[in-house]
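Both ligands and their constituent atoms are indexed starting at 1 by order of listing.
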Amino acid sequence: MKSTMQDRPLTVAALLEHGRRVHATSTISTFDGTDVRRATFREVAERAERLAAALRRLGVRPGDRVGTFSWNTQEHMEAYLAVPSMGAVLHTLNIRLFPEQLVYIVNHAEDRVVLVDSSLVPLFAKIRPELRTVEHVVVMGKEDASPLGEVLAYEALLATEKLGYAWPDLDERDAAAMCYTSGTTGNPKGVVYSHRSTFLHSFGVTSGACYSLSDRDRVLLIVPMFHANAWGLPYAAWMVGSDLVMVERHLQAEPLCRLIARERPTFSGAVPTIWADVFRHGETTPIDLSSFRMIVCGGSAVPRVLMERFQERYGVRIIQAWGMTETSPLGAIALPPDGADPSEEMAWRSKTGRVCAGVELRIVDDQGEELPWDGDSVGEIQVRGPWITGSYYGDDSGEKFDRGWLRTGDVGNVDDRGFVQITDRAKDVIKSGGEWISSVELENEIMAHPDVVEAAVIGVPDDRWQERPLACVVLRPGAAADPEAMKSFLESRVARWWVPERWSFVAEVPKTSVGKFDKKVLRARLAEGALEIRS
Ligand code: ADP
C-alpha cells in the first residue's frame with residue numbers, strides 16, 4: 001500500500017523561501033574586528049536572488065560548480081543559499097590548505113566561478129594561474145583586488161540584477177554542495193551533498209536531541225563555513241530563524257571575546273583549540289560568556305578538563321559532538337541521558353557522543369565481524385544513512401566503503417544506549433606488547449595537568465614492546481619541563497603500562513588546516529630527528 005502523502009522535494013530553495021517568509025526579521029551580523037554590520041533574513045534572501053541572477057548571466061548552469069574562498073560572512077551565506085537553489089553546486093574551499101592541494105581541488109571539481117573575499121585576494125592570486133576551469137573570479141568586499149588582474153565586483157554584479165528570479169524545480173537527490181576532506185589522511189577527497197541530505201541534516205541538528213535551535217537563539221558561527229558546512233549551522237539557523245553572528249577573520253580569543261560580550265550569542269561551535277585559547281585569555285582579562293546556553297565542540301576529541309573548566313568558571317556547557325566531512329557532518333552528540341546522576345554528568349559529556357537519529361552505526365573488527373554494543377568491544381566505526389556519503393566524487397576505488405557502510409577510520413566502542421567512545425583514529429593507534437593504548441585518552445589525561453597547555457601522543461618503535469607512546473607536550477610559560485613529575489601525575493590516572501617513558505617538550509603542537517593536532521607532521525619531525533626526547 002502506498003501512502004497518501006505528497007512528495008514535495010526537500011531542497012535548499014525550500015529552506016531559503018521558508019527563512020525569508022517566516023523569519024524575515026531574524027538577522028545576520030558580520031564582524032569587522034570593531035563593528036558589526038547587520039542584514040535581515042529578508043534582505044539576505046533578496047541579495048541571494050540577485051546573486052543567482054548574476055551567476056546565471058555569467059553562464060552558470062545547473063550542475064556547474066561555484067567555489068567560495070571566504071571567511072564566515074553575510075556574503076558567504078548568500079552564496080550558501082543562492083548557488084544550490086539555482087541548481088548549481090556550492091563548493092566551499094578551505095583557505096588554509098596548501099596551494100598545491102587547493103589547485104588540485106579546484107581543478108578536480110572543475111569550478112567555473114569562484115567567489116573570493118577581498119582580504120584573501122593575495123592568497124588566491126598565488127593559485128589563480130594554475131586553475132584550469134575557472135572562467136570568472138568575483139571579489140566580495142572592498143580591499144584591493146588588483147593582484148588578480150581582471151575580476152568582477154560582487155556588489156556591482158548584484159546591483160545590476162532585479163528581484164524575481166524564479167528558482168527552478170530541482171530533484172532533491174541532485175547535488176547541492178560539495179566539500180573536500182581536509183586531508184589529514186592523504187589526498188583530499190570530494191564529498192557531494194544532495195538537497196535532500198542538506199534538508200534532512202538541518203532537521204536533525206535543530207532537533208531537541210541535538211542543538212535544540214530556535215528563533216530564540218543567536219548563533220556565533222566560529223567553525224569555518226569551509227569546514228564540513230560549519231557543522232550544519234548556517235542552514236539550521238536559517239531554517240528555524242536563529243540570528244547568525246559571523247566572525248569573519250577574527251578568530252583570535254581577544255576579538256572573539258569582545259564580539260561575544262557585545263552580541264551576546266546563545267550558541268556557538270568551534271574546535272577545542274579555539275575554546276582553549278578563549279579560556280587562557282580569560283585568565284588574564286575579564287570576559288563575559290554569560291549569554292551562552294550551549295557550545296558545541298568537536299572535530300577532534302574534546303579534553304574533559306576543558307569542559308570542566310568552562311563549567312566551573314563560567315557555567316558554560318560545552319557539549320562534545322562527532323562527525324566528518326563525509327557525514328554532513330553530525331553523527332553523534334554527547335548530551336547526557338535523562339536521569340543521569342549529576343555526579344556523572346561529566347563522564348557522559350566526555351564520551352564522544354550518542355548516535356543521532358538518522359545515522360545507523362556499527363562497530364566492526366579486523367575480520368569484518370560486527371561487534372556488540374557493550375561499551376567495551378573496540379573496532380572500526382562504520383555508519384550509513386541519508387546524510388552520509390556513499391562514495392567520493394570522481395573516485396571509484398571504494399576502499400572507504402564496506403557493503404554500503406562508510407568506514408570512518410575511527411576506532412572505538414559503543415554502549416547499549418548508543419554512546420560512542422572513540423579511542424583513536426585507525427592510523428594513530430599505538431600497539432604496545434600486543435595491547436592497544438588510546439592516544440586520545442592519554443592526551444586527555446596529560447592535558448588535565450595544570451602546567452600543560454596541549455599534548456599529542458604518537459607511537460614510536462620500541463625494541464621490547466614493538467611500539468610505545470611518545471608524549472609531545474606544550475607547557476605553560478615558566479613551567480618546568482620535568483618528565484618525572486608528568487609520569488607521577490599520570491600514574492594515578494591511567495593504567496601503569498600506559499604511562500609514556502618518552503617525553504618531548506615542544507613550543508607548539510602542529511595543527512591541520514582545520515585546527516586539529518597534525519600527527520603526520522609530528523611523526524615526520526620525529527623521523528628527521530627534530531624532536532628532542534627526554535625520559
Ligand atoms: P579530516 O578527516 O580531513 O580530518 P574532518 O573534519 O572530516 O576532516 O575530520 C573527521 C574526523 O575528525 C573524524 O573521523 C574523527 O577522527 C575526528 N573527530 C571529529 N570529532 C571528534 C570527536 N568528538 N572526538 C574524536 N575525534 C573526532
Side-chain angles (χ1 to χ4, degrees), residues 92-94 96-98 101 104-105 178-193 201 205 210 223-232 269-275 295-304 306-307 318-335 348-356 359 361 363 378 380-383 387-389 392 400 405-414 419-429 438-444 447 456-457 510-521:
T92 52
L93 296 165
N94 180 342
R96 296 213 174 83
L97 291 181
F98 292 117
Q101 287 177 310
Y104 168 83
I105 287 173
M178 67 193 302
C179 184
Y180 281 67
T181 61
S182 57
T184 319
T185 50
N187 236 346
K189 297 191 184 67
V191 172
V192 185
Y193 309 103
H201 183 260
V205 300
C210 291
V223 53
M225 291 168 86
F226 55 74
H227 181 201
N229 309 312
W231 302 352
V271 292
T273 45
I274 296 265
W275 299 116
I295 284 173
V296 64
C297 191
S300 51
V302 182
R304 176 175 175 146
L306 184 73
M307 294 188 275
I318 293 187
I319 295 293
Q320 171 155 216
W322 169 85
M324 309 168 72
T325 303
E326 289 86 336
T327 65
S328 292
L330 202 70
I333 184 160
L335 288 162
W348 288 108
R349 280 165 56 186
S350 304
K351 294 198 169 255
T352 305
R354 194 178 205 179
V355 63
C356 301
V359 176
L361 184 141
I363 308 259
V378 172
E380 183 182 35
I381 295 170
Q382 302 190 348
V383 287
W387 64 72
I388 312 289
T389 199
Y392 291 104
K400 291 272 287 196
W405 294 78
L406 170 73
R407 304 179 52 193
T408 65
D410 288 325
V411 172
N413 62 57
V414 58
F419 278 89
V420 179
Q421 178 70 63
I422 290 179
T423 50
D424 253 312
R425 273 195 156 186
K427 59 182 189 43
D428 292 334
V429 294
S438 163
S439 66
V440 168
E441 203 176 327
L442 207 44
E443 286 159 4
N444 222 325
M447 283 191 273
V457 175
K511 310 273 179 354
T512 71
S513 63
V514 288
K516 307 181 190 202
F517 292 165
D518 198 336
K519 297 194 181 179
K520 200 161 62 181
V521 172

Contact between [X] and ligand 1, counting heavy atoms under 4.0 Å?
X    : result
A228 : no
A334 : no
G323 : yes
D410 : yes

In a check of side-chain contact (heavy atoms from CB on, under 4.5 Å) between T389 and each of V191, V192, T181, which one passes? V191

Residues forming a salt bridge (Lys or Arg N to Asp or Glu O under 4.0 Å) with E443, sequence neighbours excluded: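 Salt bridge (Lys or Arg N to Asp or Glu O under 4.0 Å) check on E443 returns K519.
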
Only counting residues at least two apart or in another chain, list the ones meeting salt bridge (Lys or Arg N to Asp or Glu O under 4.0 Å) with K511.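 Partners of K511 by the salt bridge (Lys or Arg N to Asp or Glu O under 4.0 Å) criterion, ordered by chain and then number, come out as E454.
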
With a cut-off of 4.0 Å, which atoms of ligand 1 are near a heavy atom of H227? 6 (O)

Numbering the atoms of ligand 1 from 1, which are under 4.0 Å from a heavy atom of M324? 7 (O), 10 (C), 13 (C), 14 (O)

Can you confirm, on distance only, whether ligand 1 has an N/O atom lying under 3.5 Å from any N/O atom belonging to G299? yes

Would you say W322 and ligand 1 have an N/O pair spaced under 3.5 Å apart?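 The answer is no, given that W322 and ligand 1 share no N or O pair closer than 3.5 Å.
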
Classify the angle between the aromatic ring planes of H201 and W387 as parallel (below 30°), tilted (30 to 60°) or perpendicular (above 60°).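 H201 and W387: perpendicular rings.
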
Kindly indicate whether the side chain of W275, heavy atoms from C-beta on, has any atom under 4.5 Å from the side chain of C297.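 Contact flag for W275/C297 side chains = yes.
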
Please tell me whether S439 and D428 have a donor and an acceptor in their side chains that are separated by less than 3.5 angstrom. no

Using a heavy-atom cut-off of under 4.0 Å, does the side chain or the backbone of A321 touch ligand 1, or both, or neither? backbone

What is the distance from atom NZ of K516 to atom NE2 of H227, rounded to the nearest 0.5 Å? 4.5 Å

Have a look at K351, Q320, R425 and point out the one with the heavy atom closest to atom 2 (O) of ligand 1.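 Result: the heavy atom closest to atom 2 (O) of ligand 1 is in R425.
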
